[in-house]
Amino acid sequence: MSTTKNSTVSHVEWDINDSTVPSWRISQISTYDGFQEWADGHCRFVYRPDCEEARRHSSGWAMRNTNNHNVHILKKSCLGVLLCSLRCTLDSGEKVTLRPAICDKARKKQQGKPCPNRKCTGRLEVLPCRGHCGYPVTHFWRHTDNAIFFQAKGIHDHPKPEPKATAEARRSLHGGIKRPRSSTSATGEQRIRLNGQAVYSGKEIGCFARLFPVRRENELETD
DNA sequence: CTATGCGGGGGTG
DNA sequence: CACCCCCGCATAG
């Protein structure tokens with residue numbers, strides 16, 4: 001019965017969905033978490049009110065807003081990752097793992113496009129996230145005067161998409177999908193790795209049962 | 001155009 | 001009631 005205390009709030013138990021909890025006003029938050037770009041697993045973090053990434057409800061994962069009919073809690077669900085239908089490997093040795101567009105319309109346009117690997121004849125396809133009991137992993141955000149609370153549910157069952165910064169750079173570069181770059185995020189606001197992250201409670205583990213198949217057939221007939 | 005939020009509305013269990 | 005998803009509307013960059 002671990003308490004999964006991966007937030008640095010001073011010994012205060014909380015759950016993002018507790019719609020009526022006094023702890024939302026705690027002012028004695030001793031330490032805040034550094035922004036977790038790749039939060040995964042059932043975890044909770046408490047960010048400073050001035051943390052830009054937290055303010056934007058940002059994430060390395062491609063998360064879209066989903067209506068949970070709760071004005072106090074912002075909920076987002078994972079869109080998965082854009083992969084090459086042939087699961088080819090780039091010269092760099094990396095796999096094609098592009099960032100799905102958040103906008104439905106834009107995302108539909110991405111699908112079916114030729115794989116960015118010139119040596120590959122595959123097409124881009126979305127591998128949906130089903131890391132939370134068959135459903136997409138979800139992120140919850142809640143603000144208070146003293147902090148921005150974050151909570152995630154589910155374990156991503158797919159590769160990480162390229163970081164938002166990389167996708168944006170590529171987009172502004174040539175408004176389309178082209179040569180994928182390494183997964184290095186351009187900005188330097190990462191590598192925080194503090195406490196927490198990926199702490200799962202037993203029951204959640206139970207509903208995690210899918211690993212994306214890496215069918216590597218069609219070993220491309222390069223050249 | 002895309003990213004984000006919001007919230008109505010419908011469906012399931 | 002809880003949770004899921006689609007869709008349009010609106011704002012911002």
Side-chain angles (χ1 to χ4, degrees), chain A residues 14-21 35-39 41-45 47 49-82 97-113 116 124-144 147-158 160-178 180-181 185-187 189-190 200-201 203-210:
Chain A
W14 60 275
D15 183 283
I16 202 81
N17 287 307
D18 291 342
S19 48
T20 54
V21 180
F35 185 70
Q36 307 292 302
E37 182 177 19
W38 299 103
H42 291 66
C43 52
R44 297 173 301 172
F45 295 110
Y47 302 120
D50 61 352
C51 174
E52 271 310 306
E53 298 281 40
R55 277 184 160 182
R56 299 195 308 254
H57 310 137
S58 171
S59 175
W61 304 100
M63 309 296 291
R64 71 168 167 188
N65 180 304
T66 87
N67 182 19
N68 65 333
H69 298 283
N70 186 323
V71 293
H72 300 299
I73 304 172
L74 174 63
K75 177 183 180 181
K76 293 189 159 194
S77 57
C78 184
L79 290 168
V81 61
L82 261 188
T97 54
L98 302 186
R99 189 182 190 74
I102 305 303
C103 172
D104 292 346
K105 189 177 167 187
R107 195 169 56 262
K108 286 177 182 173
K109 290 199 291 187
Q110 296 179 309
Q111 299 177 66
K113 281 195 172 182
L124 292 180
E125 59 180 32
V126 170
L127 174 64
C129 176
R130 294 175 190 163
H132 188 211
C133 303
Y135 288 107
V137 166
T138 49
H139 282 183
F140 297 89
W141 296 89
R142 187 163 183 170
H143 297 228
T144 67
I148 296 177
F149 293 78
F150 168 86
Q151 185 171 327
K153 295 185 176 180
I155 304 170
H156 295 280
D157 60 342
H158 54 83
K160 291 177 182 176
E162 58 183 343
K164 190 188 301 179
T166 308
E168 291 179 344
R170 179 161 46 60
R171 193 154 61 86
S172 61
L173 188 56
H174 25 234
I177 293 175
K178 285 288 183 59
R181 297 213 55 70
S185 55
T187 56
E189 73 252 299
Q190 65 284 88
Y200 328 121
S201 62
K203 75 174 184 185
E204 310 296 2
I205 283 281
C207 59
F208 172 53
R210 166 168 167 269

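What's counted below: heavy atoms across the whole structure, side chains too, no hydrogens, waters or symmetry copies.
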- Query: Is a side-chain donor or acceptor of A:Arg107 paired with a backbone partner of A:Ile102 at a separation under 3.5 angstrom?
  - Reply: yes
- Item | Any A:His57 side-chain nitrogen or oxygen under 4.0 Å from OP1 or OP2 of B:dT4 | no
- Item | d(CG, A:Leu98; C1', B:dT2) in whole Å | 16 Å
- Task: Take the C1' atoms of the five end pairs on each side of the helix from B:dC1-C:dG13 to B:dG13-C:dC1, get both axes, and report the angle to 10 degrees.
- Result: 0°
- Assign each of A:Ala106 and A:Arg55 to its nearest nucleotide of DNA chain B by heavy atoms, then name whichever residue's nucleotide is nearer the 5' end. A:Ala106
- Task: Check the distance between C:dG13's P and A:Glu52's CD and give it to me in whole angstrom.
- Result: 12 Å
- Side chain of A:Ile102 (C-beta onward), nearest among C:dC5, B:dA3, B:dC1: B:dA3
- Would you mind reading off the distance between A:Lys105 atom NZ and C:dC9 atom C1', rounded to a whole angstrom? 14 Å
- Message: Please evaluate residues A:Asp157 and A:Cys129 with respect to the criterion side-chain contact (heavy atoms from CB on, under 4.5 Å), reporting the C-alpha separation (whole Å), side-chain torsions for both, the decisive distance (0.1 Å), and the verdict.
- Response: CA-CA 6 Å; A:Asp157 60 342; A:Cys129 176; 4.0 Å; yes
- Rounded to the Å, how far apart are A:Arg107 CZ and C:dC7 C1'? 13 Å
- Under 4.0 angstrom between A:Lys109 side-chain N/O and B:dT2 OP1 or OP2: yes
- Of A:His69 and A:Asn65, the one whose nearest nucleotide on DNA chain B sits closer to the 5' end is A:Asn65
- Query: Ignoring hydrogens and geometry, is there a side-chain-to-backbone donor-acceptor pair from A:Arg142 to A:Ala147 under 3.5 Å?
  - Reply: no
- If you check the A:Lys76 side chain, which of C:dC5, B:dA3, B:dT4 turns out closest? B:dT4
- Message: Nearest whole Å is fine: how far is B:dG8 P from A:Asn68 CG?
- Response: 12 Å
- Item | Closest to the A:Arg64 side chain, choosing from B:dC1, C:dC5, B:dG9 | C:dC5
- Check: A:Asp50 main-chain N/O paired with A:Arg55 side-chain donor or acceptor under 3.5 Å: no
- To the nearest Å, give me how far apart CD (A:Gln110) and P (B:dC1) are. 15 Å
- Message: Quick one, A:Lys160 and A:Thr97 - any side-chain contact, counting heavy atoms below 4.5 Å?
- Response: no
- side-chain contact (heavy atoms from CB on, under 4.5 Å) between A:Arg64 and A:Asp104, intermediate numbers included: CA-CA 9 Å; A:Arg64 71 168 167 188; A:Asp104 292 346; 3.4 Å; yes
- Task: May I have the distance from A:Asn67 (atom CG) to B:dG10 (atom P), rounded to whole angstrom?
- Result: 13 Å
- Check whether any side-chain heavy atom of A:His139 sits under 4.5 Å from a side-chain heavy atom of A:Phe150, and report yes or no. yes
- Can you tell me how far P of B:dT2 sits from CZ of A:Arg56, to the nearest Å? 20 Å
- Task: Identify which nucleotide among B:dG9, C:dC6, B:dG5 has an atom closest to any side-chain atom of A:Leu74, counting heavy atoms from C-beta outward.
- Result: B:dG5
